[in-house]
Structure formats: C-alpha cells, structure tokens
Amino acid sequence: MDSKESEIKFPDQHEWGRKELDIAEVEMPGLMGIRKEYGPKKVLKGAKISGSLHMTIQTAVLIETLHELGAEVRWCSCNIYSTQDHAAAAIAHANTATVFAWKGETLEEYWDCTNKMLTWPGCDGPDVLVDDGGDATLLIHEGVKAERHFAKTGELPDPNSTENLEFKQVLRVIKEGLQAGHTEKWTKMANHLIGVSEETTTGVHRLNQMSAKGELLLRAINVNDSVTKQKFDNIYGCRHSLPDGIMRATDVMIAGKKCVILGYGDVGKGCAAAMKAQGARVVVTEIDPICALQALMEGFEVKRLESVVDTGDIFITTTGNKGIIMAHHMAQMKNNAIVGNIGHFDNEIDMAGLEGYPGIKDIEIKPQVNRYEFPDGHGIIVLAKGRLLNLGCATGHPSFVMSCSFANQALAQIDLWTNRETGKYEKGKVYILPKELDEKVAALHLPALGAELTELSKEQADYIDVPQSGPYKHQAYRY
Ligand code: NAD
Ligand code: ADE
C-alpha cells in the first residue's frame with residue numbers, strides 16, 4: 001500500500017488525529033474486543049477492503065481494526081461534508097489505509113474519490129465492500145449496466161440525460177472510464193467482489209429494492225438491522241449528535257422553542273427525545289399510525305407540517321424519504337427559522353427549489369450554515385445545505401455508540417471474507433447477522449459502563465424457552 005497515493009486536505013493534522021484516535025479507542029470496547037479476539041489470527045489476511053463511510057475519528061478506529069486483522073484498506077467518505085480532516089491525516093500518515101476524503105468536497109470530487117476508493121491498482125477490485133447509503137454499490141451497478149449497453153451499442157452514458165446532479169457525476173465517471181478504454185472495469189469488479197456490508201437504513205432500502213428486482217449482483221449483509229446498530233446508533237447516536245450539530249452551527253437556545261421533527265422512526269425518536277430534554281416544545285409529523293401513536297404516548301403533538309410551518313422555530317427531517325420540506329414551506333416559515341436534515345440524503349429538503357426561488361439571496365454565515373433571504377427580507381437558516389447536519393455541522397455520533405455499529409461492521413466483513421468459499425451467502429440476497437453476534441456486541445460494551453448482568457438459571461431458561469447462554473429473545477422480538 002502506498003500512503004503517497006492518499007488524497008487528503010491537511011496531512012499536517014496527523015498528530016492531532018492520532019491523539020483523538022487514542023482517546024476514541026478507549027471509548028470503543030466493541031472494536032478493541034474484536035481486535036483482541038481476531039487480531040492475532042489475522043482473519044482478514046489477504047482481504048482487500050474498500051469502504052465508503054464518513055471519514056471520522058470513529059471510522060478511523062474501524063479502519064485500523066480491519067488493518068490489524070490483516071486487511072488492506074482503501075477508503076472514502078460517503079458525504080461531501082462529513083470528513084474530519086485530522087482523522088484522514090492520521091490514517092494516511094500511519095499508512096493503515098489509502099484515503100481519498102476531505103471536508104467540503106465538490107460533487108465531482110466526491111464521485112472521483114468514490115471511484116479511486118474502488119479502484120485497486122493491479123487487480124479487478126476490492127474483495128469486500130463497506131458501504132453507507134449505497135453510493136459505492138450504486139456506482140458498481142451503474143457501471144456494469146453502462147458497460148453492457150456499450151458492448152451492445154457502442155453508446156456512452158450521457159451525463160446530460162439526467163437533471164440529478166449526483167447522477168450526472170455517476171454517469172461522468174463511468175463515461176470517462178469507457179473513453180479511457182476500460183470497457184470491463186465494473187463488470188470484472190462486480191464478479192470479483194464477494195459482498196458488501198451496508199451501514200444505514202437508506203442503503204439497506206436500496207439493497208432490498210435491487211434484490212427484489214433480481215438486480216443485486218453482490219452478497220449483502222444489512223448491518224443497520226442489527227439491534228445493536230439500529231436501536232443504538234439511530235436512536236441514541238442521533239439523540240447526541242442532533243443537538244450537537246444545531247448548537248455548533250447556530251448557538252440558538254433550544255429551550256422553549258417549537259421544534260418540528262419530521263418522521264418518528266428510530267432517528268426521529270432520538271431527535272425528538274433530545275429536543276424534549278433541552279426544553280423544546282416538540283411536534284412530530286408522521287405517515288405511519290403506529291409511529292404517530294408512539295409519539296403521542298411520549299407526550300409529543302402529531303401534526304401535519306402545514307399546521308406548524310409558520311409557528312415552528314426548528315425543523316428537522318429524519319424520514320429517509322424525499323420531498324419532505326418544500327420551497328413553498330420554507331417561504332412560509334418565521335424569520336430565522338432553522339431547517340436541517342439528519343436523514344441520509346439531502347433530498348428530504350427541496351434545496352433546488354429554495355436556491356431557485358425567485359429573488360432568493362444565499363448568504364453564507366460560515367461553512368455549512370447559510371441564511372436564505374426571501375425578497376421580503378425575512379429568511380431561514382439552513383444547516384449543511386440540507387445534508388445530514390450532525391456530520392456536516394458537528395462530528396457525528398460519539399465513539400461509544402459507533403463502537404456498537406462498527407463492531408457489527410467488522411463482524412460482517414469477517415463473515416463475508418471467511419465464508420467466501422463456503423456458500424453461506426448467496427449473490428443477490430441480503431442477510432442480517434445472527435442474534436448471537438448482536439448479543440456479543442452488546443456484551444462487549446457492558447463492562448465499560450459497570451453493568452452486572454444477571455445470570456439465567458437452567459430452570460428459568462427452560463421456563464421462558466431460551467438457551468441458558470442465549471440468544472435471549474425470539475427472532476420476532478422488537479426491543
Ligand atoms: P425509519 O424507517 O425507522 O424512520 C423513518 C420514519 O419516517 C418512518 O417512521 C416513516 O413512517 C417516516 N416517514 C416516511 N415518510 C414520511 C413523510 N412523508 N412524513 C413524515 N414521516 C415520514 O428510518 P431511520 O432508521 O429512522 O432512518 C431515517 C434516515 O436517517 C435514513 O435516511 C437513515 O439512513 C438515516 N440515518 C442517519 C443517521 C445520521 O447519523 N445522520 C444515523 C442513522 C440513520
Ligand atoms: N454516522 C453517524 N455518526 C458517525 C460517526 N461519528 N462516524 C461515522 N459514521 C457516523
């Protein structure tokens with residue numbers, strides 16, 4: 001591996017990054033436990049791992065865990081604003097991975113970094129992939145599609161065939177590869193790749209859609225639906241990092257404000273709880289009657305956006321859906337209402353509509369904080385240009401909760417790699433890790449918090465019909 005190949009912004013920040021990494025390791029008992037158990041056996045020896053996941057300090061500890069288990073690693077971020085440059089610098093300096101990431105990438109740079117992260121000099125591509133949101137998986141699948149079409153017709157993909165600014169870049173990257181004569185790059189990569197472990201709800205949704213249509217070319221592990229990921233990172237992680245992002249960006253007092261949380265799934269539950277704990281008056285929007293009823297039981301009002309659009313002070317989208325807050329909603333908001341998104345993609349907020357609003361002025365207050373002023377002089381404050389604000393305006397979830405998520409990632413990578421020839425995982429299918437491993441991840445985190453776990457007697461185990469050593473719940477249990 002050639003550290004000089006890394007493309008990062010501030011290599012001189014490596015000592016700072018290393019100091020924070022040393023502290024993070026103490027807060028990440030899941031990953032350190034995995035290093036202790038699997039490190040000496042080098043279970044990932046020979047594996048080339050590519051990763052597209054926010055290049056933060058916590059991710060750096062994941063990368064160095066994969067490295068310590070024997071893997072060679074290439075990495076990029078899965079969002080243009082989420083890289084912590086000192087984390088990238090520490091990794092590049094230690095040469096534990098080749099990194100292509102910096103905070104504030106353009107879309108063009110972002111997709112070039114994704115391409116470089118997937119491109120392994122001298123071979124067809126990575127053996128295993130870590131993805132967060134599915135962009136790397138998308139690039140491979142679109143590449144395969146374009147190569148098939150090119151082989152049949154000689155036609156190149158046309159970036160002007162789409163209005164979607166991200167997809168334009170996907171098509172550009174693929175087109176440039178074909179023009180350079182790499183006519184089988186993505187096909188060979190997809191054939192070579194053992195599988196992907198996907199981090200987040202939105203990425204899993206994409207994988208499930210591809211699998212249902214018979215279009216998924218890979219084996220896939222859904223890390224998001226491990227209980228120790230979904231019910232911790234999505235809830236408690238966002239409960240920490242949402243207020244962190246709002247406060248670092250604006251310094252606004254949250255207490256007393258009317259805060260509208262759009263979506264009350266796992267992320268929405270964490271966000272609403274955080275705003276309530278700050279003393280905000282919380283209103284929730286939902287489409288699902290079960291989640292709406294859950295919100296009511298927690299003491300939140302459930303309203304349509306239209307009912308609170310002109311009285312809310314802070315609006316946060318958490319749905320993983322598109323078109324949640326439109327430009328006409330933002331035009332009706334109070335002066336200096338704050339609008340942000342914590343869902344994976346920026347299409348929850350109609351940024352194109354806002355930026356194209358007749359007479360709108362875009363005033364940058366500081367990086368990732370913009371005031372959009374309407375022609376009548378009133379304005380709204382938009383965080384991270386609609387991209388996930390906890391990573392754009394702050395540093396994402398803290399280490400302890402990411403240790404739970406990333407322990408699942410490391411276990412998924414180990415399982416995909418060590419089962420590469422056993423037939424355990426089939427191409428085109430999406431799997432979740434077994435409950436035994438979920439319980440193992442949780443157990444790794446208990447001693448750090450001084451927990452004393454009660455032991456189940458044989459008689460009790462028989463009575464509730466579970467094995468004495470776990471798993472302690474049946475598959476349908478919802479936690
Ligand atoms: P989820 O499915 O549990 O929750 C989404 C909720 O939004 C659901 O309850 C759904 O009914 C609701 N919803 C959908 N459309 C709606 C609409 N039009 N109006 C109101 N509500 C609507 O998903 P989740 O796990 O909470 O994840 C949400 C998003 O956050 C995803 O994009 C996920 O990838 C992302 N995520 C981000 C972070 C982060 O750190 N920023 C962490 C975890 C997950
Ligand atoms: N997702 C949410 N917070 C994160 C963090 N700190 N690092 C990587 N991914 C994240």
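Read the numbers this way: they start at 1 and go in the same order the structure lists the ligands and their atoms.
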Task: Audit row: R74, F100, side-chain contact (heavy atoms from CB on, under 4.5 Å) steps and yes/no - done: CA-CA 8 Å; R74 288 170 88 80; F100 306 91; 3.4 Å; yes
Open item on the list: Run Y110 and Q169 through side-chain contact (heavy atoms from CB on, under 4.5 Å) and show every step you take.
Closed with: CA-CA 9 Å; Y110 172 81; Q169 294 302 326; over 6 Å; no
Open item on the list: Tell me whether the NZ or CZ atom of K276 lies within the 45° cone about the ring axis of F300 and under 6.0 Å from its centre.
Closed with: yes
Task: From V204, T201, L262 - option closest to atom 27 (O) of ligand 1 by heavy atom - done: T201
Task: Note, E286 side chain near Q294 side chain (heavy atom, < 4.5 Å) - done: no
Open item on the list: Return the closest protein heavy atom for atom 8 (C) of ligand 1 as residue, atom name and distance.
Closed with: E286 OE2, 3.4 Å
TODO: Answer yes or no: is there a side-chain heavy-atom contact under 4.5 Å between L389 and I316?
DONE: yes
TODO: Start with the C-alpha gap between M402 and D233, add the side-chain angles, then the distance that decides, and say whether side-chain contact (heavy atoms from CB on, under 4.5 Å) holds.
DONE: CA-CA 7 Å; M402 292 314 297; D233 172 316; 3.5 Å; yes
Open item on the list: Any carboxylate oxygen within less than 4.0 angstrom of a Lys/Arg side-chain nitrogen, looking at D362 and K385?
Closed with: yes
Open item on the list: Once side-chain contact (heavy atoms from CB on, under 4.5 Å) is applied, do any residues pair with Q13, and if so which ones, sequence neighbours excluded?
Closed with: F10, W16, D85, H86, A89
Task: side-chain hydrogen bond (donor to acceptor under 3.5 Å, both in side chains) assessment of S52 paired with D135 - done: CA-CA 8 Å; S52 162; D135 278 353; 6.0 Å; no
Open item on the list: Using a 4.0 Å heavy-atom cut-off, which part of N321 comes near ligand 1: side chain, backbone, both, or neither?
Closed with: side chain
TODO: Using distance alone, determine whether I342 and ligand 1 share an N or O pair under 3.5 Å.
DONE: yes
Task: V227 backbone acceptor or donor facing D438 side chain under 3.5 Å - done: yes
Task: For ligand 1, the portion of H397 having any non-hydrogen atom under 4.0 Å away - done: side chain
Task: Minimum-distance protein heavy atom relative to atom 4 (O) of ligand 1 - done: G265 CA, 3.2 Å
Task: Geometric N/O contact D233 with ligand 1, under 3.5 angstrom - done: no
- [ ] Determine, considering heavy atoms only, which of I325, D266, L389, V302 sits nearest to atom 3 (O) of ligand 1.
- [x] D266
Task: Residue portion contacting ligand 1 (non-hydrogen atoms closer than 4.0 Å) for L388 - done: side chain
TODO: Could you see which bit of N390 sits under 4.0 Å from ligand 1, with heavy atoms only: side chain, backbone, both or neither?
DONE: side chain
Open item on the list: Is there a polar contact between ligand 1 and T202, counting only N or O atoms under 3.5 Å apart?
Closed with: yes
Task: Least distance between heavy atoms, C113 atom then E105 atom - done: SG-OE2, 4.2 Å
Open item on the list: Check contact between T318 and ligand 1, using heavy atoms of the residue and a distance below 4.0 angstrom.
Closed with: yes
Task: Nearest non-hydrogen protein atom, atom 35 (C) of ligand 1 - done: H344 N, 3.6 Å
TODO: Answer yes or no: is there a donor N or O on one side and an acceptor on the other, between the side chain of E109 and the main chain of W111, under 3.5 Å?
DONE: no
Task: C291 near ligand 1 by a heavy-atom separation under 4.0 Å - done: yes
- [ ] Would you tell me which option among G134, G263, G323, G237 has the nearest heavy-atom contact to atom 21 (N) of ligand 1?
- [x] G263
TODO: Could you pull out the closest heavy-atom pair between L207 and A220, with the gap in Å?
DONE: CD1-CB, 3.9 Å
Task: Contact (N/O only, under 3.5 Å) between D288 and ligand 1 - done: no
TODO: For the pair E142 and K145, find out whether any cationic side-chain nitrogen is under 4.0 Å from an anionic carboxylate oxygen.
DONE: yes
Check ligand 2 for N or O atoms under 3.5 Å from a protein N or O and list each pair with its distance.
from: ligand 2; atom 1: 3 (N); to: H397; atom 2: N; distance (Å): 2.8
from: ligand 2; atom 1: 6 (N); to: Q58; atom 2: OE1; distance (Å): 3.0
from: ligand 2; atom 1: 6 (N); to: T395; atom 2: O; distance (Å): 3.4
from: ligand 2; atom 1: 6 (N); to: H397; atom 2: N; distance (Å): 3.4
from: ligand 2; atom 1: 6 (N); to: H397; atom 2: O; distance (Å): 2.9
from: ligand 2; atom 1: 7 (N); to: T56; atom 2: OG1; distance (Å): 2.7

TODO: With heavy atoms under 4.0 Å as the rule, classify the contact between N224 and ligand 1 as side chain, backbone, both or neither.
DONE: neither
TODO: Grab the two heavy atoms, one from D225 and one from Q230, that are nearest each other, plus how far apart they are.
DONE: OD1-NE2, 3.9 Å
- [ ] If you have a sec, work out which protein heavy atom is nearest atom 19 (N) of ligand 1 and how many Å separate them, to one decimal?
- [x] I287 CG2, 3.9 Å
- [ ] Using a strict 4.0 Å threshold on nitrogen-to-oxygen distance, state whether E301 and K258 make a salt bridge.
- [x] no
Task: Aromatic ring proximity, centroids under 6.0 angstrom, Y372 and F374 - done: no
Open item on the list: Given L305, T200, I324, identify the one with the heavy atom nearest to atom 44 (C) of ligand 1.
Closed with: T200
Open item on the list: Are any of the N/O atoms on V267, whether in the backbone or the side chain, positioned under 3.5 angstrom from an N/O atom of ligand 1?
Closed with: yes
- [ ] May I ask you to identify the nearest protein heavy atom to atom 7 (O) of ligand 1, giving residue, atom name and distance to one decimal place in Å?
- [x] T319 CA, 3.5 Å
TODO: Return the option from G392, G203, G343 holding the heavy atom at the smallest distance from atom 30 (O) of ligand 1.
DONE: G343
